[in-house]
Amino acid sequence: MDFNDTPDDAEYRAKARAWLATAAADYRDPPARPVSRGENVPESRKWQKIKHAAGYTGITWPKAFGGQGLSPMHSIIFNQEQSKYHAPTELFAIGLGMCIPTVFTHGSPALIERYVAKALEGEEVWCQLFSEPSAGSDLAGIRTKAVRDGDDWVIDGQKVWTTNAHLSDFGIIVTRTDPSAPKHKGLTMFIVDMHAPGVEARPLKQMSGGSDFNEVFFTGVRVSDSHRLGAVGDGWKVSLTTLMNERLAVGGKPGHAPGYRDLMALAARIETDMGPAIEARDVRQRIAVTYIADEGIRLTQMRALSALSKGEAPGPEQSISKVVVAKTMQEMAAFALDLSEASGFTTAGGDPGLHKLQGSYMASAGLRIAGGTDEILRNIIAERVLGLPGDMRPDKDTPFNEIRAA
Amino acid sequence: MDFNDTPDDAEYRAKARAWLATAAADYRDPPARPVSRGENVPESRKWQKIKHAAGYTGITWPKAFGGQGLSPMHSIIFNQEQSKYHAPTELFAIGLGMCIPTVFTHGSPALIERYVAKALEGEEVWCQLFSEPSAGSDLAGIRTKAVRDGDDWVIDGQKVWTTNAHLSDFGIIVTRTDPSAPKHKGLTMFIVDMHAPGVEARPLKQMSGGSDFNEVFFTGVRVSDSHRLGAVGDGWKVSLTTLMNERLAVGGKPGHAPGYRDLMALAARIETDMGPAIEARDVRQRIAVTYIADEGIRLTQMRALSALSKGEAPGPEQSISKVVVAKTMQEMAAFALDLSEASGFTTAGGDPGLHKLQGSYMASAGLRIAGGTDEILRNIIAERVLGLPGDMRPDKDTPFNEIRAA
Amino acid sequence: MDFDFSDDAKALREQARKFFDERAGPAVARASMNGTASFDAALWQAVVDLGWTAARVPEAHGGVGMSSEAACVLAEEAGRSLAPIPLAQALAATEALIALGTPEQQARWLPGIADGSVVAVTGWAEGGTASPAKASAKVDGGAINGTKSPIADLAAATMAIVSAAGPDGPALYIVDLKGEGVGVAPVDTLDLVRRHGTLTLSGAAADPLGTTAGYHDWLDRAAILGSFEAMGTATAAMDMAVAYAKERTAFGQKIGRYQGIKHKCADMYIKLELARAHALHAAWAMEAGAAELRQAASAARVASLDALAFAAEENVQIHGGIGFTWESDCQFYYRRNRALVAALGSRNFWADRLVRSLEQRNAAAA
Amino acid sequence: MDFDFSDDAKALREQARKFFDERAGPAVARASMNGTASFDAALWQAVVDLGWTAARVPEAHGGVGMSSEAACVLAEEAGRSLAPIPLAQALAATEALIALGTPEQQARWLPGIADGSVVAVTGWAEGGTASPAKASAKVDGGAINGTKSPIADLAAATMAIVSAAGPDGPALYIVDLKGEGVGVAPVDTLDLVRRHGTLTLSGAAADPLGTTAGYHDWLDRAAILGSFEAMGTATAAMDMAVAYAKERTAFGQKIGRYQGIKHKCADMYIKLELARAHALHAAWAMEAGAAELRQAASAARVASLDALAFAAEENVQIHGGIGFTWESDCQFYYRRNRALVAALGSRNFWADRLVRSLEQRNAAAA
């Protein structure tokens with residue numbers, strides 16, 4: 001065992017590090033004040049162009065599509081090095097991570113020609129329009145419909161949980177084109193112009209108070225058939241390309257989320273009726289349990305990197321990541337707030353460590369749902385990793401328009 | 001609120017108490033040495049006869065069947081008073097609690113005439129032959145078959161988890177009489193003579209080392225059609241009578257099982273590296289959690305008694321009892337054994353409190369299964385109390401002989 | 001045996017449930033959250049008019065003179081409905097005055113509580129991490145100095161019963177909030193519906209209400225009322241989750257058909273019924289003045305906090321994405337969970353108190 | 001980066017798994033339980049012949065000189081197969097001699113361990129409730145007095161490495177069990193397959209093996225081997241549960257289709273993979289002599305005990321009634337769970353040790 005880079009990886013890392021030292025020099029310090037996503041667009045574009053010129057975009061993409069044709073390990077190494085700076089990278093993450101790979105896997109040559117390079121260069125921002133109010137865990141239950149009209153399709157419906165919809169130029173959207181087919185079979189995917197008439201993005205406020213997502217309403221939005229991705233009725237299969245990429249992206253602990261160190265620091269400051277909190281057995285056990293989850297997931301990711309670094313596929317153990325991270329966050333935060341008595345409840349005042357934990361208590365309730373609920377992820381582990389049978393699916397072969405409404 | 005008896009109840013209790021003071025005087029002390037179930041048969045018979053003569057048997061049964069025609073509260077009061085002595089009552093519990101009520105509810109006048117009084121007087125011992133190796137949680141999956149042959153039926157198959165089978169004179173048995181009917185519909189119940197040729201009861205050893213149950217094998221056992229309980233094909237409905245009585249019986253904490261007091265006593269004796277175990281926060285929290293479960297179930301039973309005492313039906317909250325008791329026992333025992341380090345593992349030596357907890361760790365694994373698994377009981381609570389829909393049941397209407405074998 | 005509320009208390013519970021079903025609930029909580037008022041004054045006036053603040057007040061002081069069971073059922077229904085009114089506070093303050101007040105103190109304050117002219121709150125916390133076993137506020141020559149925070153519903157209150165360091169430990173003191181040396185300011189908390197405040201006392205007049213033993217006795221009584229409130233809130237969260245599980249379809253089935261969801265709902269019910277058994281026991285101990293009061297109150301508090309946390313957290317989970325939106329009512333229960341923990345000291349404080357009372361019982365029996 | 005076992009270690013793991021699949025497993029464990037021998041001597045001889053007791057022994061002492069990864073994979077496979085042989089004990093003793101032994105001590109004992117003529121065991125417990133941080137056995141002028149119990153596989157052992165009170169705290173001592181002043185007696189435990197014994201030392205010759213710091217270092221190494229063993233046992237319990245869930249039908253479906261069962265299996269896997277990540281990390285720290293050794297070993301131990309307890313308990317539950325019978329193999333995992341807790345100190349001891357090492361790291365960084 002060896003935690004060091006292979007010689008090849010080390011060389012790539014050294015090169016990237018050297019390049020970033022100059023190119024990302026302006027991003028060495030965090031921004032002086034929080035910057036909204038909207039404000040960040042020009043800066044994000046600028047940084048994407050700089051990286052593109054230097055060959056640090058589309059690292060794993062085929063060269064034919066403007067990529068670098070390198071391995072996932074190279075991409076991870078670059079991201080590790082880039083993350084030491086405060087460069088704005090979020091705006092393009094979904095477009096380049098999920099949407100454009102779907103475009104170049106399933107799109108016509110004309111679509112690839114038109115869209116891929118512009119996205120890679122940071123000219124155009126993309127979003128992913130999949131979830132709907134009645135199609136969450138059961139994504140194939142979507143109702144947004146697209147009806148053929150001459151050379152066009154007309155889209156009506158509503159999408160939800162769409163990141164960056166209000167900042168996007170284009171989106172990939174899954175629609176129902178044949179309501180008389182079984183639910184997985186009547187779907188078709190398109191590229192939609194987010195500036196087209198009839199598209200309206202509204203911010204969606206979360207329980208925690210933030211608005212990281214949008215609802216997007218489609219009313220008579222026309223899309224040319226030339227903007228179809230994959231065959232009519234193949235939308236489910238096409239969307240799996242996108243989701244496979246999402247599952248890789250979602251999972252690790254959110255960068256800003258508190259962990260066992262925060263609990264240790266908090267417990268070290270608290271004096272209970274029975275002495276310092278950090279000395280209490282239940283507190284120490286909670287720290288240990290949290291460490292085991294936090295560090296266990298980090299180490300599990302190292303196992304994946306190790307496989308990638310050897311040119312192998314990561315093992316199925318990656319699938320445990322999000323379900324562990326989300327519930328651990330919620331449990332640790334609840335424990336910390338309990339331990340903090342009154343100060344764990346008031347949000348005014350001066351303990352940033354505690355406010356981070358309060359934020360985590362609110363956010364973790366969402367993290368247990370986003371990108372696959374605890375229950376769906378357990379199903380996936382049991383079925384795909386352990387080979388247990390799937391749930392009963394009475395609606396699998398029923399025409400969608402005969403399935404009783406929710 | 002008032003924890004005292006109503007005047008009526010108090011009068012009945014006083015009468016029972018006075019009678020027991022004389023009649024049960026021999027049972028004031030526990031037996032000098034442990035008595036096996038088999039050895040106990042004559043003594044059990046004797047005590048049953050004494051009670052019968054005094055009108056303390058069949059307390060809730062209709063007078064027409066030799067009962068006293070009193071309320072469940074009277075029965076509970078008598079049992080509470082009786083339990084202050086060490087009289088042998090176990091042998092007749094299943095027969096009088098479950099089997100005979102099924103006989104007088106569904107049996108012919110001739111069967112009632114033949115069997116009810118003899119059971120009540122302690123002449124004959126009964127057992128209940130329901131579970132099978134492939135019919136546990138899913139009781140309707142039984143395979144023991146009964147085939148009509150002239151005036152008789154011929155029974156072949158295997159039953160399991162039968163209490164007292166080797167001591168019983170008769171049993172009530174559910175059999176499959178029509179394999180071409182859906183699984184709940186092809187069942188029929190009979191009274192079977194446990195001394196008949198072809199009946200063999202073998203003790204079934206449990207993981208914990210004890211043998212509280214039997215396996216019973218039936219090979220060409222003949223039963224007269226006159227010993228049928230209910231109509232042919234009505235065995236499922238008939239068995240519900242018996243099970244309803246079982247659900248009432250199973251549930252509370254086993255009398256001998258350790259509880260929060262045992263954990264407190266143990267923790268008071270243990271000195272950890274960080275001081276007395278009883279002072280540690282995690283130990284105190286575990287005591288509190290165990291108290292809440294133990295006492296919560298006891299108080300929940302008081303709520304039921306209170307309802308009975310007012311002539312009302314107990315509320316649905318009774319359904320939480322077994323699932324709470326069994327898991328609490330396992331968790332507390334595991335915690336106590338961990339706390340005891342090496343001494344929690346060795347079974348030799350002189351700490352009876354610890355041995356009781358070791359026994360509880362082993363037994364609780366069975367208690368989580370017997371009389372309905374944790375999972376089945378949660379289903380029952382969710383479906384019958386909260387009104388959630390039942391699991392998908394693809395086999396419900398399929399002929400039993402077309403259901404794919406397990 | 002009659003281990004259940006009296007018919008009077010049950011009738012009051014029915015009346016309260018019916019009233020709050022009509023007049024309170026999540027929509028009213030949301031309106032209160034979105035508004036600027038510190039509570040729903042119209043709703044409060046209606047509650048006063050119904051005589052609920054008078055329920056426990058002895059007839060001699062203008063009240064109805066009901067047993068403490070009345071306070072329990074009102075607390076439960078207020079908790080169920082999320083009613084944005086200072087009822088839970090009024091009940092806790094009333095209990096303190098009845099149990100610990102001199103005839104003069106009772107005569108001064110109880111008639112006002114009964115007729116609504118006095119809005120009473122209670123407060124022990126001092127903003128930090130100390131448990132209810134501690135108080136730093138100091139009383140010297142009848143004048144109190146210190147900061148009590150957060151106090152629920154403080155903004156509208158006219159009197160407060162607060163803890164301060166007495167000669168033998170924390171004890172309760174009555175402060176007339178219209179007097180001198182009293183500062184009241186809002187304080188933000190995780191609960192956006194129930195508004196809290198910080199009470200700054202700079203030499204305000206403090207009228208002692210009982211001893212340290214009395215303070216601890218009041219803590220037990222307040223914990224019992226708090227348990228009923230928490231059970232009410234937990235029941236509402238469970239009902240919301242169960243209703244959604246019956247209505248929402250995924251993969252061709254109502255989600256309530258999946259054991260992953262179904263067993264969660266069963267666990268909510270199990271925790272709630274355990275809490276209910278202890279709360280009923282505690283209600284009996286409070287009314288009967290039984291020796292088990294501390295033990296029963298502590299168990300009820302721990303069990304009800306467990307039931308509420310689980311129901312509030314898993315209600316969001318069962319709702320999925322929609323449950324995490326601002327527009328969903330799930331957040332009210334999730335946030336109120338934190339408020340009810342903070343209201344009287346955390347689970348750990350009460351678990352320890354429970355075990356201590358069991359130890360004392362054992363020692364007394366030995 | 002290469003966060004995985006070496007090809008050598010992987011090859012050994014494959015070999016061991018294949019061998020134990022053929023020669024060990026629940027049926028062999030059952031035969032051992034039903035027999036009177038203290039372990040399966042033929043199986044043990046085969047293991048010695050395969051060179052596994054020699055794997056870690058340096059070539060100079062007649063061994064193969066493999067890295068500590070070899071000991072990890074052997075411990076895991078022994079745990080998976082329930083093999084009734086003193087392999088885990090031999091591995092722990094070998095690790096102590098390699099890490100702490102003088103050249104003389106190594107030369108005296110390692111060749112015999114390698115060729116099977118020495119059967120070595122380790123033991124710290126003294127039958128009570130103390131953790132591995134304590135030892136009451138006393139050494140005076142090279143003679144040891146005290147009782148060590150339970151010691152796994154003691155009956156067949158020819159040497160024991162035991163803890164006793166040294167000048168700075170507990171330290172390890174080598175005792176030749178064929179010498180004077182040594183009493184060996186069987187002791188019953190919850191594990192009916194792995195036999196344990198009580199070692200009574202009355203002035204037996206005790207050869208000191210390292211210091212108190214060395215003892216704690218060995219505890220970490222033994223805990224790492226124990227974590228691999230526990231993971232192996234937990235994996236076997238999980239595999240058994242998953243196989244049954246795929247095969248057993250109730251209510252017309254394989255029970256593995258019900259989320260109540262399915263999610264339990266997923267949770268077994270989740271706990272096991274968390275344990276595996278920490279165990280791999282600890283294996284690296286052991287081989288690399290990294291500063292993270294204590295932290296990694298403690299985390300691996302706590303995580304693997306959690307994974308084993310859950311898998312062993314819920315394996316019975318998933319099997320239902322049949323799983324609770326004597327004839328079912330479920331009992332082996334349920335009972336072994338208790339043996340592996342007792343082997344090296346409970347979850348709480350190691351959780352505390354983990355946090356202490358994190359605190360020390362923080363203090364060093366500050």
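Because the structure is predicted, anything quoted here is derived from the model rather than measured. Numbered from 1 within each chain, the chains take letters A, B, ... in sequence-line order.
Counting heavy-atom pairs under 4.5 Å between each of D:Ser328, D:Ala133, D:Ala130 and chain B puts D:Ala130 at the top. Of the residues considered (D:Gly260, D:Ser131, D:Cys330), D:Ser131 shows the highest number of contacts with chain B, using heavy-atom pairs under 4.5 Å. With chain B as the partner, the residue from D:Glu126, D:Arg257, D:Glu314 showing the most heavy-atom pairs under 4.5 Å is D:Glu314. Between chain B and the residues D:Ile322, D:Thr198, D:Asp352, the largest count of heavy-atom pairs under 4.5 Å involves D:Asp352. Across B:Arg378, B:Met362, B:Met274, the residue that shares the most heavy-atom pairs under 4.5 angstrom with chain D is B:Met362. Counting heavy-atom pairs closer than 4.5 Å to chain B, the top residue among D:Val187, D:Val316, D:Leu192, D:Leu305 is D:Val316. When each of B:Ser343, B:Gly344, B:Gly141 is scored by its heavy-atom pairs under 4.5 Å with chain D, the top score falls to B:Ser343.
For B:Leu204, the part lying near chain D is the side chain, with the backbone staying farther off; criterion is any non-hydrogen pair under 4.5 Å. For chain B, no part of D:Ala309 is nearby; none of its heavy atoms comes within less than 4.5 Å. Only the backbone of B:Ala363 comes within contact range of chain D, with heavy atoms under 4.5 Å apart. Proximity to chain D (any heavy atom under 4.5 Å) is restricted, for B:Glu271, to the backbone atoms N, CA, C and O. For chain D, the nearby parts of B:Met392 are the backbone and the side chain; heavy atoms of each come within less than 4.5 Å. For a residue to count as touching a neighbouring chain, one of its non-hydrogen atoms must lie under 4.5 Å from one of that chain's; by this rule B:Tyr361 touches chain D with backbone and side chain alike. If you measure heavy-atom distances from B:Ser208 to chain D, the contacts under 4.5 Å come from both the backbone and the side chain. For chain D, the nearby parts of B:Asp374 are the backbone and the side chain; heavy atoms of each come within less than 4.5 Å. Interface remark: B:Asp273 contributes backbone and side-chain atoms alike to the contact with chain D (heavy atom separation under 4.5 Å). For D:Asn337, the part sitting under 4.5 Å from any heavy atom of chain B is the side chain, from C-beta outward, and nothing else. For a residue to count as touching a neighbouring chain, one of its non-hydrogen atoms must lie under 4.5 Å from one of that chain's; by this rule B:Ala135 touches chain D with the backbone only. With a 4.5 Å cut-off on non-hydrogen atoms, B:Lys183 touches chain D through its side chain but not through its backbone.
Residues B:Met207 and D:Gln331 approach most closely at CG-CB, 3.2 Å, considering heavy atoms. The heavy-atom pair separating B:Phe345 from D:Pro150 by the smallest distance is CD2-CG, 3.9 Å. Considering all non-hydrogen atoms of both residues, D:Ser346 and B:Glu341 come closest at OG-OE2, 2.9 Å. The shortest heavy-atom contact between B:Trp161 and D:Gly321 is CZ2-O, 2.9 Å.
Taking OG1 of D:Thr129 as the reference point, atom CZ of B:Arg269 lies at 10.0 Å (rounded to 0.5 Å). Here B:Ser137 contributes atom OG and D:Phe251 contributes atom CZ; the two are 6.0 Å apart, rounded to the nearest 0.5 Å. How far CD of B:Gln206 is from OG1 of D:Thr325: 9.5 Å, rounded to the nearest 0.5 Å. Taking CG from B:Leu339 and CZ from D:Arg347, the interatomic distance works out to 12.5 Å, rounded to the nearest 0.5 Å. Between B:Glu215 atom CD and D:Glu327 atom CD the span is 8.5 Å, to the nearest 0.5 Å. Separation of atoms CD1 (D:Ile255) and OG1 (B:Thr373) is listed at 9.0 Å; rounding is to 0.5 Å.
The closest donor-acceptor contact from the side chain of B:Thr347 to the backbone of D:Asp188 lies under 3.5 Å. Between the side chain of B:Asp395 and the backbone N or O of D:Gly252 there is at least one donor-acceptor pair closer than 3.5 Å.
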- Show the numbers, then the answer: is there a salt bridge (Lys or Arg N to Asp or Glu O under 4.0 Å) between B:Arg368 and D:Glu313? CA-CA 10 Å; B:Arg368 286 180 61 200; D:Glu313 290 170 3; 5.2 Å; no

Worksheet entry | Step-by-step side-chain contact (heavy atoms from CB on, under 4.5 Å) determination, B:Gln358 to D:Arg338 | CA-CA 10 Å; B:Gln358 289 175 329; D:Arg338 299 307 330 162; over 6 Å; no

- prompt: How far apart are the C-alpha atoms of D:Val341 and B:Asp338, what are their side-chain angles, what is the distance that settles it, and do they pass the side-chain contact (heavy atoms from CB on, under 4.5 Å) test?
  reply: CA-CA 7 Å; D:Val341 170; B:Asp338 275 6; 3.5 Å; yes

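Other residues, nucleotides and ligands place more than 12 heavy atoms under 6.0 Å from the NZ atom of B:Lys356. The environment of B:Lys327 atom NZ is dense: over 12 non-hydrogen atoms of other residues, nucleotides or ligands sit within 6.0 angstrom. Surrounding NZ of B:Lys237 are at most 12 heavy atoms belonging to other residues, nucleotides or ligands under 6.0 Å away.
Between the side chains of D:Tyr258 and B:Asn379, not a single donor N or O lies within less than 3.5 Å of an accepting N or O.
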